[in-house]
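In what follows, a structure is listed as structure tokens, so that the remarks can point back to it.
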Amino acid sequence: MTADITVAEPIAAASAAPISADIAIVGGGLAGSLAAAVLARAGHRVALVDKRAVHPDEFRVEKIGGQQLEMFRRLGFTDALAKAGCGYDRVLNVREGKVVDVSVSQAYGLPYADLVAMARSQLPDPSSLIVDEVTAVGCSDDIQRLELASGRSIEARLVVLATGMAGALGYKLGIKRRVLAERHSVSFGFTIARRDGAPFDFEALTCYGERTADGIDYLSLFPVRAGMRANLFMFRDPADPVMRDLRRDTEATLLRLLPRLQPFLGDFRVTDRVQNWVMDLSVVEGHLQPGIVLIGDAFQTNCPAAGTGVARLLVDVERLCTEYAPRWLVTEGMSREKIAEFYSDRDKIAADQQSLKMARFRQALTSRNDISWDFRRRLHFLRRGLAHRVDQMRPGWLARVRSALRA
């Protein structure tokens, strides 16, 4: 895998026997690549199909931390993640120019393409990745057949759609996407550095928005190999002129929106291309079909600001690849009743619901300016600030209390 290439020249379909697999995974982003590695390491014959041998540089997930790390550990990716990412464990959280609190927990920053490459590197057999494009899927209660752009085909007992928000294949199968909130959030990604070349005075920093009219949830700054990465999350009309300003004059616009950020950054500059992403909240319908299952964004999209997308994706991968798919393969058939077990899984449902709940909460906490939400917003940050002061006076006390309450 040395180049970002697409499929080879078409071959005569009749001249090649179908590729045989237990499970065919369509889409080699994070969800598909993780699922392929987990299943292949468990001894299943896996065919991971993606148009590119090397995933392109695009703005998606760029940091892994908190509960996500425990899930990566359970799936067996901790060492590979630590090697690929840039580790940090202290985040300075500020609002209105004041420190709210300091988060202390392990996290890793890395470009999405590197995260996907890490997952693919865990495939026991690199030939499991088939660089091609799936043009059609035929599903049944028994064997599924995938037609490829090159003229080849794949026969598998189970098909996993991990195609993200690309819905062409799903549409052909009668699977449709229902939008719950159009243009729900806007995210920006770019890398910064101090003009004098000196390091920043923080390991990582989160700066929360100051005014509801600005629609800024928070700016997250964290280290990656290339420097200090910035992720800005907003709830604002993507057509607003400020979006153009953020792309064209990022430094000045950022300080206009977060004026009390300047003392923390000093004189800084943007060092690479500014990328942005507009996200709808959506779920699919018509997905319960024999022989095929959807995971990650192919099933439900998330709000990037809520930070639940990777956790939800990992729940999908863990439950499907360690619980359901192995059990389905030891008995005949791949009926609709089998597939329904995954969609009815309590952990999956809880993760999906929590993701939507947090998306709506972050939007309301950021943008609502009525008395009720103004009070909740003040209380939210006051509670965090008080907890931080208590923890400074009695280090570890709050952690022990929280641990006892969870027990």
Side-chain angles (χ1 to χ4, degrees), residues 1-11 19 21 23-41 45-64 68 72 75-86 108-135 146 148-152 154 159-166 168-169 187 189-191 223-227 229 231 271-277 295-298 304 309-310 313-314 317 321:
M1 300 190 296
T2 59
D4 182 9
I5 58 174
T6 53
V7 301
E9 291 295 320
I11 60 175
I19 300 167
I23 301 172
I25 300 173
V26 185
L30 183 58
S33 297
L34 286 174
V38 172
L39 290 163
R41 292 190 308 192
R45 295 178 303 156
V46 174
L48 172 63
V49 187
D50 194 82
K51 292 186 291 185
R52 299 178 177 91
V54 176
H55 202 279
D57 179 22
E58 60 179 359
F59 177 40
R60 294 290 186 275
V61 180
E62 297 189 329
K63 58 180 177 179
I64 301 294
Q68 300 163 2
F72 269 97
L75 292 171
F77 294 98
T78 302
D79 291 343
L81 178 63
K83 187 178 297 184
C86 187
Y108 295 94
L110 69 168
Y112 182 71
D114 290 358
L115 192 56
V116 173
M118 178 279 296
R120 291 184 182 184
S121 73
Q122 300 303 296
L123 286 166
D125 181 1
S127 67
S128 299
L129 173 62
I130 299 172
V131 182
D132 213 322
E133 182 175 5
V134 178
T135 57
L146 286 71
L148 307 182
S150 64
R152 294 178 294 180
I154 300 174
V159 171
V160 178
L161 274 190
T163 49
M165 288 162 285
L169 280 179
S187 307
F190 48 93
T191 307
V224 295
R225 304 291 185 196
R229 189 65 177 168
N231 286 178
T271 62
D272 64 357
R273 180 168 61 102
V274 177
Q275 300 171 286
N276 74 289
W277 183 259
I295 63 172
D297 284 348
V310 175
L313 177 156
L314 290 170
V317 171
C321 300

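FYI, the numbering just counts along the sequence from 1. Nothing here was measured: the structure is a model prediction, and the numbers come from that model.
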> What residues, two or more places apart in sequence or in another chain, satisfy ring-ring contact (aromatic ring centres under 6.0 Å, His included) together with Tyr112?
Replying inline: His55

Rounded to the nearest 0.5 Å, what separation is found between the [atom1] atom of [X] and the [atom2] atom of [Y]?
X: Asn276; Y: Phe59; atom1: CG; atom2: CZ; value: 8.5 Å
X: Leu75; Y: Cys321; atom1: CG; atom2: SG; value: 8.0 Å
X: Ile64; Y: Leu30; atom1: CD1; atom2: CG; value: 6.5 Å
X: Met118; Y: Ser33; atom1: CE; atom2: OG; value: 9.5 Å
X: Leu110; Y: Leu81; atom1: CG; atom2: CG; value: 6.5 Å

Got a sec, which residues hit side-chain contact (heavy atoms from CB on, under 4.5 Å) with [X], two or more places apart in sequence or on another chain?
X: Ala82; result: Tyr108
X: Arg273; result: Gln275
X: Pro304; result: Ser185, Ser187, Phe233, Met279
X: Ala162; result: Ile25, Ala31, Ile295

>> Can a donor-acceptor pair be found, under 3.5 Å and without considering hydrogens, that links the side chain of Ser128 to the backbone of Leu48?
In response: no

> Ignoring hydrogens and geometry, is there a side-chain-to-backbone donor-acceptor pair from Arg120 to Ala53 under 3.5 Å?
Replying inline: yes

Which residues satisfy the side chain to side chain donor-acceptor pair (under 3.5 Å) test with [X], sequence neighbours excluded?
X: Arg45; answer: Ser20, Asp22
X: Asp114; answer: none
X: Thr163; answer: none

>> I'd like to know whether Leu169 forms a side chain to side chain contact (heavy atoms under 4.5 Å, CB included) with Leu161, so could you lay out the CA-CA distance, the side-chain angles of the two residues, the decisive distance to 0.1 Å, and finally the verdict.
In response: CA-CA 9 Å; Leu169 280 179; Leu161 274 190; 4.2 Å; yes

> For the residue pair Gly189 and Asn231, what are the closest heavy atoms and their distance?
Replying inline: CA-ND2, 4.1 Å

> Closest approach of Ala226 and Thr191, non-hydrogen atoms and distance?
Replying inline: O-CG2, 4.2 Å

> Partners of Asp272 by salt bridge (Lys or Arg N to Asp or Glu O under 4.0 Å), sequence neighbours excluded?
Replying inline: Arg229

[X] side chain near [Y] side chain, heavy-atom distance below 4.5 Å:
X: Val159; Y: Ile154; value: no
X: Leu115; Y: Phe77; value: no
X: Val224; Y: Glu62; value: no

> Could you go step by step and tell me if Arg60 and Asp297 meet the salt bridge (charged side-chain N to carboxylate O under 4.0 Å, His left out) rule?
Replying inline: CA-CA 12 Å; Arg60 294 290 186 275; Asp297 284 348; over 6 Å; no

